[in-house]
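Below is one structure, written out as structure tokens; comments come after it.
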Amino acid sequence: MENYQFYTNDAKKTEQFAAMLAEFLQAGDVITLEGDLGAGKTTFTKGLAKGLQINRVVKSPTFTIIREYKGRLPLYHMDVYRLQESGEDLGFDEYFDGEGVTVVEWAHIIEDFLPSDRLEITIHRRGEEERELTLEPKGERFKKICKELNI
Ligand code: ADP
Ligand code: MG
């Protein structure tokens with residue numbers, strides 16, 4: 001299994017990286033984000049949204065679990081943290097198989113519902129502003145994208 005690493009030392013750089021990744025994405029793509037509170041999952045998602053030409057401000061969807069934004073492609077932003085007790089299926093498939101790109105914060109909580117093809121990104125905090133992003137592509141499509149990112 002080939003992993004890819006990307007280092008960033010400020011939030012802008014994380015957003016820029018996500019925005020660059022966004023250009024490769026198409027309908028039905030799923031990106032999972034793992035990392036402690038404050039790691040930068042929502043920051044990454046903001047960058048992804050900018051890269052999809054979404055002008056609205058992306059907020060942490062803690063209370064809503066799923067938010068939808070319109071851009072070059074729709075973006076479905078999930079933060080499933082609050083499902084850790086129930087592990088409830090909120091009809092995720094409709095999003096995963098939908099017209100847009102899905103990004104899931106704390107994705108391991110709904111592991112059973114995730115599609116097998118996805119891009120898993122784990123963010124580790126290495127300092128006040130230093131972050132290490134590990135990209136683990138699942139499936140041929142994301143393997144190709146990761147290669148093309150040239151990181
Ligand atoms: P999470 O969604 O993982 O809980 P957030 O993205 O909401 O994390 O918060 C990350 C915080 O860390 C933000 O305040 C952001 O500005 C800050 N930060 C500092 N450096 C970075 C970096 N290199 N990448 C991402 N966020 C960073
Ligand atoms: Mg968050």
Side-chain angles (χ1 to χ4, degrees), residues 2-25 28-96 98 100-115 117-138 142 145-151:
E2 215 171 333
N3 286 359
Y4 296 79
Q5 244 81 36
F6 180 78
Y7 293 89
T8 132
N9 51 16
D10 72 81
K12 272 272 153 312
K13 203 169 152 192
T14 302
E15 283 196 28
Q16 279 163 7
F17 176 68
M20 180 187 64
L21 171 65
E23 292 179 27
F24 292 86
L25 300 178
D29 282 344
V30 176
I31 295 176
T32 66
L33 297 174
E34 300 291 346
D36 296 337
L37 202 67
K41 301 181 294 299
T42 301
T43 302
F44 185 93
T45 306
K46 284 178 204 277
L48 209 62
K50 283 182 190 161
L52 291 173
Q53 285 123 48
I54 290 162
N55 300 319
R56 269 172 65 204
V57 176
V58 171
K59 292 194 202 127
S60 196
T62 307
F63 296 103
T64 357
I65 299 181
I66 306 173
R67 276 180 203 256
E68 191 171 333
Y69 299 90
K70 287 195 178 69
R72 174 175 77 79
L73 294 164
L75 175 68
Y76 312 125
H77 180 201
M78 305 182 182
D79 183 328
V80 299
Y81 186 76
R82 289 196 320 140
L83 296 181
Q84 57 187 334
E85 301 296 319
S86 64
E88 195 185 346
D89 184 0
L90 299 179
F92 300 116
D93 272 358
E94 296 220 10
Y95 295 94
F96 300 150
V101 169
T102 307
V103 57
V104 191
E105 298 191 37
W106 305 102
H108 68 273
I109 292 169
I110 59 160
E111 170 103 58
D112 293 348
F113 307 117
L114 295 173
D117 279 25
R118 59 193 194 240
L119 178 58
E120 297 190 346
I121 301 180
T122 307
I123 308 176
H124 285 108
R125 210 187 135 123
R126 298 297 186 213
E128 197 56 50
E129 295 186 271
E130 290 79 19
R131 303 287 190 273
E132 185 186 321
L133 276 56
T134 303
L135 282 66
E136 207 176 307
K138 308 276 189 186
F142 286 113
I145 290 175
C146 283
K147 280 203 187 96
E148 286 172 0
L149 287 174
N150 261 320
I151 52 173

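For ligands, and for the atoms within them, numbers begin at 1 and follow the listed sequence. What you see below is based on every heavy atom in this structure, not just the backbone, and it leaves out hydrogens, waters and symmetry mates.
For atom 25 (C) of ligand 1, the closest heavy atom belonging to the protein is Thr14 OG1, 3.5 Å. Summary of contacts: the protein heavy atom closest to atom 15 (C) of ligand 1 is Thr43 OG1, 3.8 Å. For atom 12 (O) of ligand 1, the nearest non-hydrogen atom of the protein is Arg131 NH2, 3.2 Å. What sits closest to atom 7 (O) of ligand 1 on the protein, heavy atoms only, is Thr42 CB, 3.7 Å. At the top of the distance list for atom 21 (C) of ligand 1, counting protein heavy atoms only, stands Ala11 N, 3.5 Å.
Between Arg126 and Glu132, at least one side-chain nitrogen of the basic residue sits less than 4.0 Å from a carboxylate oxygen of the acidic one, meeting the salt-bridge criterion. The pair Lys50-Glu15 meets the salt-bridge criterion, with a side-chain N (NZ, NE, NH1 or NH2) lying under 4.0 Å from an Asp/Glu carboxylate O.
Residue Gly40 places at least one N or O, backbone or side chain, under 3.5 Å from an N or O of ligand 1. Annotation: Glu105 places an N or O atom under 3.5 Å from an N or O atom of ligand 1; distance criterion only.
The closest approach between any non-hydrogen atom of Gly35 and ligand 1 is not below 4.0 Å. Ligand 1 has no atom lying under 4.0 Å from any heavy atom of Leu33.
Residues meeting the ring pair (Phe, Tyr, Trp, His ring centres under 6.0 Å) test with Phe17, sequence neighbours left out: Phe6.
Close contacts between ligand 1 and Asp10 involve ligand atoms 21 (C), 22 (C), 23 (N) [criterion: under 4.0 Å to a heavy atom]. Set against the non-hydrogen atoms of Leu37, the atoms of ligand 1 under 4.0 Å away are 4 (O). Which parts of ligand 1 touch Asp36 is read off a 4.0 Å heavy-atom cut-off, strictly below it: atoms 3 (O).
Comparing Lys41, Glu130, Lys12 by heavy-atom distance to atom 1 (P) of ligand 1, the nearest is Lys41. Nearest residue to atom 4 (O) of ligand 1 from Ala18, Gly38, Ala39 is Gly38 (criterion: closest heavy atom).
More than 12 heavy atoms of other residues, nucleotides or ligands lie within 6.0 Å of CD in Gln5, so this atom counts as buried by the packing criterion. Under a cut-off of 6.0 angstrom, the local environment of CZ in Phe92 is crowded, with over 12 non-hydrogen atoms contributed by other residues, nucleotides or ligands. Enclosure of atom CD in Glu148 by more than 12 non-hydrogen atoms of other residues, nucleotides or ligands within 6.0 angstrom is indicated.
Under 2.8 Å from the Mg ion (ligand 2) lies an N/O/S atom of Thr42, whether from backbone or side chain.
Arg118 pairs with exactly one of Glu136, Glu111, Glu34 by the salt bridge (Lys or Arg N to Asp or Glu O under 4.0 Å) rule, that one being Glu111.
Looking at Glu105 and the Mg ion (ligand 2) together, the shortest N, O or S contact belongs to OE1.
Using modelled atom types, one finds no donor on one side chain facing an acceptor on the other under 3.5 Å when comparing Thr14 with Thr43. Between the side chains of His77 and Glu105, at least one donor N or O lies within less than 3.5 Å of an accepting N or O.
Distance CG/Asp79 to OG1/Thr64: 9.0 Å, rounded to 0.5 Å.
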